[in-house]
Amino acid sequence: MSQNVASEDLARREAEFQAKIDAGQVIEPKDWMPERYRKQLLRMMSQHAHSEVVGMLPEGNWLTRAPSLMRKAVLLAKIQDEAGHGLYIYSGAETLGMNRSEMIDQLLSGQAKYSSIFNYPTLNWADMGAVGWLVDGAAIVNQTVLAKCSYGPYSRAMIRICKEENFHNKQGYQIMAYMMRGNKAQQEMAQDAMNRFWWPALMMFGPSDKDSPNSGDLMKWKVKLQSNDDLRQRFIDRTVPQAEAIGLTIPDPELKWNPQTRHYDHGEINWAEFYEVINGNGPCNKLRMKQRRDAHENGTWVREAAVAYAKKKSAKA
Ligand code: ACO
């Protein structure tokens with residue numbers, strides 16, 4: 001095939017692909033897709049899966065110190081859900097042609113990112129409330145939209161994940177509400193957790209639209225259906241009344257309801273901090289990666305045993 005014919009063929013296929021997307025059709029693993037669509041999705045899905053797995057660490061830290069058996073059981077169930085979310089998304093990402101161990105190697109070598117939020121420390125029990133309410137709340141806002149994205153395996157994984165995240169969000173809010181009904185020290189703990197997690201939760205939605213290099217492609221291909229800033233705004237609008245209802249103050253002096261736009265105006269995010277964190281210099285980046293590397297190394301024998309078992313089974317079959 002001459003180069004001209006090949007590039008005409010590619011242009012035709014890309015146009016057909018875009019027409020499918022524009023018509024709201026779902027792309028499945030065996031469908032033709034532009035190489036860049038595949039790569040962008042793989043990047044986003046693998047980073048998302050890594051976030052679910054690394055996200056277990058800040059909460060795992062509090063399992064042995066939960067204030068009651070009930071709280072411990074709930075937290076344990078939530079953390080197990082996050083492991084499951086990682087597995088669904090890794091499986092979805094594998095349909096794009098990279099296996100899970102390669103993705104994990106990219107995480108452990110620092111080539112792949114995971115959500116900035118998990119590089120902040122969890123200092124006390126109220127942080128379990130803030131993580132469930134704010135972090136999982138932000139994740140839900142982002143993920144309910146991803147549940148309608150153009151790639152079938154990703155959108156389907158999101159449906160179940162969002163249901164579980166709703167439970168996580170409610171348990172976090174309940175911890176906060178409970179502490180706000182407690183004594184002064186407990187109320188101060190809850191407010192302190194709110195103060196520390198509010199801005200990092202807003203950063204979870206990514207840089208502002210004008211500084212988001214991947215959004216153009218992702219919006220065109222309906223992987224993203226709403227922009228980083230729109231989703232961040234949606235999160236703020238739904239979270240402020242929840243904070244007010246239990247007596248918490250949002251740590252943003254510029255936060256104000258705007259009756260014209262019918263949204264909350266808010267202060268500027270500290271983008272320098274965001275870039276420091278995503279470039280590996282947040283408060284806990286080194287610790288999180290060390291914990292993941294250690295867990296990976298300690299799990300070597302489990303993976304080896306699983307591979308040996310699978311081989312034995314397929315030999316028998
Ligand atoms: N944490 C770490 N890295 C981030 C974050 C963040 N909060 N936000 C943006 N980035 C990175 C992007 O990965 C990208 O880097 P890369 O090109 O090296 O991969 C860079 O910053 C520029 O950002 P964008 O161009 O805006 O990136 P993108 O279009 O992918 O949008 C977003 C980022 C919104 C996080 C998107 O990838 C997404 O929706 N991902 C799926 C959801 C997800 O991963 N959630 C994780 C937390 S959910 C939980 O609770 C586990």
Side-chain angles (χ1 to χ4, degrees), residues 36-37 39-59 78-79 81-90 92-93 103 106-107 110-120 130-149 151 154-155 157-158 161-162 164-169 172 197 199-235 269-271 273-282 284-285 288-289:
R36 189 148 169 78
Y37 177 86
K39 282 202 172 131
Q40 275 283 21
L41 261 176
L42 195 50
R43 175 191 67 84
M44 187 166 150
M45 290 176 73
S46 61
Q47 293 189 3
H48 191 168
H50 300 327
S51 304
E52 300 283 354
V53 172
V54 177
M56 292 193 286
L57 296 169
E59 290 177 296
K78 176 195 187 299
I79 295 171
D81 284 351
E82 306 295 3
H85 298 176
L87 290 183
Y88 309 149
I89 306 172
Y90 280 130
M103 290 182 239
Q106 289 187 344
L107 169 71
Q111 201 186 326
K113 294 190 170 74
Y114 58 89
S115 182
S116 49
I117 191 73
F118 302 119
N119 292 308
Y120 289 85
V131 170
W133 172 41
L134 299 175
V135 175
D136 293 61
I140 291 169
V141 168
N142 173 282
Q143 291 170 178
T144 40
V145 182
L146 282 177
K148 296 184 202 117
C149 79
Y151 191 56
Y154 199 17
S155 67
M158 283 304 121
I161 290 178
C162 285
E164 293 177 352
E165 294 292 2
N166 263 311
F167 148 71
H168 302 168
N169 177 243
F197 276 92
W199 293 103
L202 299 190
M203 293 175 197
M204 286 174 70
F205 295 93
S208 99
D209 296 347
K210 63 179 179 3
D211 299 318
S212 164
N214 300 300
S215 280
D217 274 352
L218 294 172
M219 298 283 281
K220 175 177 83 180
W221 290 321
K222 296 192 181 169
V223 174
K224 275 186 179 175
L225 295 166
Q226 287 190 24
S227 76
N228 296 1
D229 287 333
D230 287 350
L231 289 175
R232 187 171 10 252
Q233 186 67 55
R234 191 199 270 211
F235 170 73
I269 289 169
N270 182 346
W271 292 116
E273 175 182 321
F274 169 76
Y275 287 110
E276 274 295 290
V277 174
I278 69 168
N279 289 320
N281 304 316
C284 298
N285 295 58
R288 299 293 181 240
M289 288 312 294

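Each ligand, and each atom within it, is numbered from 1 in the order the structure gives. In this chain, residues are counted from 1 in sequence order.
Asn228 CG to Ser215 OG: the interatomic distance, rounded to the nearest 0.5 Å, is 4.5 Å.
Aromatic ring orientation, Phe274 versus Trp271: perpendicular (interplanar angle above 60°, classes split at 30° and 60°).
Ion pair Asp81/Lys78 not flagged as a salt bridge, since none of the NZ, NE, NH1 or NH2 atoms sits closer than 4.0 Å to an Asp/Glu carboxylate oxygen.
Asp209 pairs by the salt bridge (Lys or Arg N to Asp or Glu O under 4.0 Å) definition with nothing, not counting sequence neighbours. With sequence neighbours excluded, no residue satisfies ring-ring contact (aromatic ring centres under 6.0 Å, His included) with Phe118.
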Which protein N or O atoms sit under 3.5 Å from any N or O of ligand 1? Give each pair with its distance.
unit_1, atom_1, unit_2, atom_2, d
ligand 1, 1 (N), Ser116, N, 2.8
ligand 1, 1 (N), Ser116, OG, 3.3
ligand 1, 7 (N), Ser116, OG, 3.0
ligand 1, 7 (N), Met203, O, 3.3
ligand 1, 7 (N), Met204, O, 3.3
ligand 1, 13 (O), Arg43, NH1, 3.4
ligand 1, 13 (O), Gln47, OE1, 2.9
ligand 1, 15 (O), Lys113, NZ, 3.3
ligand 1, 17 (O), Asn214, ND2, 3.1
ligand 1, 18 (O), Lys113, NZ, 2.5
ligand 1, 19 (O), Arg43, NH1, 2.9
ligand 1, 19 (O), Gln47, NE2, 3.0
ligand 1, 25 (O), Ser212, OG, 3.1
ligand 1, 25 (O), Pro213, N, 3.3
ligand 1, 25 (O), Asn214, N, 2.9
ligand 1, 25 (O), Asn214, ND2, 3.0
ligand 1, 26 (O), Ser212, OG, 2.7
ligand 1, 26 (O), Asn228, ND2, 2.9
ligand 1, 27 (O), Asn214, ND2, 3.4
ligand 1, 29 (O), Lys224, NZ, 2.6
ligand 1, 30 (O), Arg43, NH1, 3.1
ligand 1, 30 (O), Arg43, NH2, 2.8
ligand 1, 31 (O), Lys224, NZ, 3.1
ligand 1, 39 (O), Asn142, ND2, 2.9

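A side-chain hydrogen bond (donor to acceptor under 3.5 Å, both in side chains) check over residues 137-149, counting only residues at least two apart or in different chains, returns the pairs His48-Gln143.
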